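Below you'll find the structure, written out as structure tokens, and then a few comments.
The chains referred to below are lettered A, B, ... by the order of the sequence lines, with proteins before strands, and numbering in each begins at 1. Keep in mind that this is a model prediction, so the values were computed, not measured.
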Amino acid sequence: MKLATFNINGIKARIKALGDWLDEAQPDVVVLQEIKSVDEGFPREMFEERGYQVETHGQKSFNGVAILSKLPLEDVTRGLPGDESDEQARWIEATVVGDRTALRICGLYLPNGNPVELEADGTPVAGGKYAYKLAWMARLKTRAEALLAAEEPAVMLGDYNIIPQEEDAANPEKWREDALFRPESRAAWRAVVNLGFTEIIRTRMPAPGHYTFWDYQAGAWNKNDGIRIDHMLMTPQCADLVTDCGIDAGIRGREKPSDHVPVWVDLAL
DNA sequence: ATGTCTCGAATGTCGAGA
């Protein structure tokens, strides 16, 4: 079973590029981020024609996540628990039913967090975007703890908007004060990973220089000025199933690309 | 040194978000 994550930066602008990649890569399950569409406006037909079941959690203009699956999906839930007042569409879960085992999939679009606004004592300004990012990550940790406690195959994958370590950026210095790389962000990331998850790309592709995002600005792709911010965190029971993984970086160089590229894994499901 | 793209509201351009 091939599982992938892809921040598409707008479904309407990505119909051609996404369709081409699906036809070539042939993933069985894909989580999408930044669909930037309400559920009713999502072009589900182009995926259903290709044999995918489509589950969306959209909102107008911004954010929005989805799951495409050629395997049966069960128990679909929308929204990250822990804050009923949070109206941003950034989390969707479903159970993928395989021949041998089931896999809980959590597709996520973690808040960007910029601009970083801090009080004089260094605490994030309440109500600001950086405070929202860190609060969201605290809720993520709570959900992550429950997934681990279940001792079953589960994966949380998507656009984490986190550069975990220096080797995950071509030019770490220019990200030093950014919400994607600041110490508070990276500490919150480690607090989740260190609960006992396998970060599968780090584990299987440990060399530096594997990026998943290149900014549209300043010729970042041509200079390979990238960062690795799209990740997969697996419970031990899920990590045991992995047979291969990769990053489809090449599609960043095509016509009308997203600024992110797909990250994928093969699982003996 | 500079450099981009998407969406939506309001129009034929702009602000917000990333």
Return the value, rounded to whole Å, for the distance between atom [atom1] of [X] and atom [atom2] of [N].
X      : N      : atom1 : atom2 : value
A/Y130 : B/dA18 : OH    : C1'   : 17 Å
A/D225 : B/dA1  : CG    : C1'   : 16 Å
A/D178 : B/dG17 : CG    : P     : 16 Å
A/N112 : B/dG17 : CG    : C1'   : 8 Å
A/D230 : B/dA18 : CG    : P     : 15 Å
A/L180 : B/dG17 : CG    : C1'   : 13 Å

Are side-chain N/O atoms of A/K129 and A/N114 paired as donor and acceptor at under 3.5 Å?
-> no
Mark up nucleotides 3-12 of chain B, 5' to 3', with B wherever a protein heavy atom is under 4.0 angstrom from a base atom, S wherever such an atom reaches only the sugar-phosphate, and - elsewhere.
-> BBSSSSS---
Hey, mind stepping through A/M232 and A/T5 against side-chain contact (heavy atoms from CB on, under 4.5 Å) and telling me if it holds?
-> CA-CA 8 Å; A/M232 299 188 184; A/T5 175; 4.2 Å; yes
Assess A/R176 against A/F181: is NZ or CZ under 6.0 Å from the centre of the six-membered ring, and within 45 degrees of the ring's axis?
-> no
Can you tell me, in whole Å, how much space there is between the [atom1] of [N] and that of [M]?
N      : M      : atom1 : answer
B/dT11 : B/dG15 : C1'   : 14 Å
B/dT6  : B/dA10 : P     : 22 Å
B/dA1  : B/dC5  : P     : 22 Å

Please work out if A/Y109 contacts a base, only the sugar-phosphate, or nothing of the nucleic acid, heavy-atom cut-off 4.0 Å.
->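 Counting heavy atoms under 4.0 Å across all strands, the contact made by A/Y109 is with sugar-phosphate only.
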Check A/N112, A/L110, A/V116, A/D168 against A/L180 for a side-chain contact (heavy atoms from CB on, under 4.5 Å) and give me the one that passes.
->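 Single pass found, and it is A/N112.
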Does atom CG of A/N194 have more than 12 heavy-atom neighbours, drawn from other residues, nucleotides or ligands, at distances under 6.0 Å?
->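 Yes.
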Partners meeting side-chain contact (heavy atoms from CB on, under 4.5 Å) with A/P124 (sequence neighbours left out) |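 In terms of side-chain contact (heavy atoms from CB on, under 4.5 Å), with neighbours along the sequence ignored, A/P124 is linked to A/L118, A/Y130, A/A131, A/L134.
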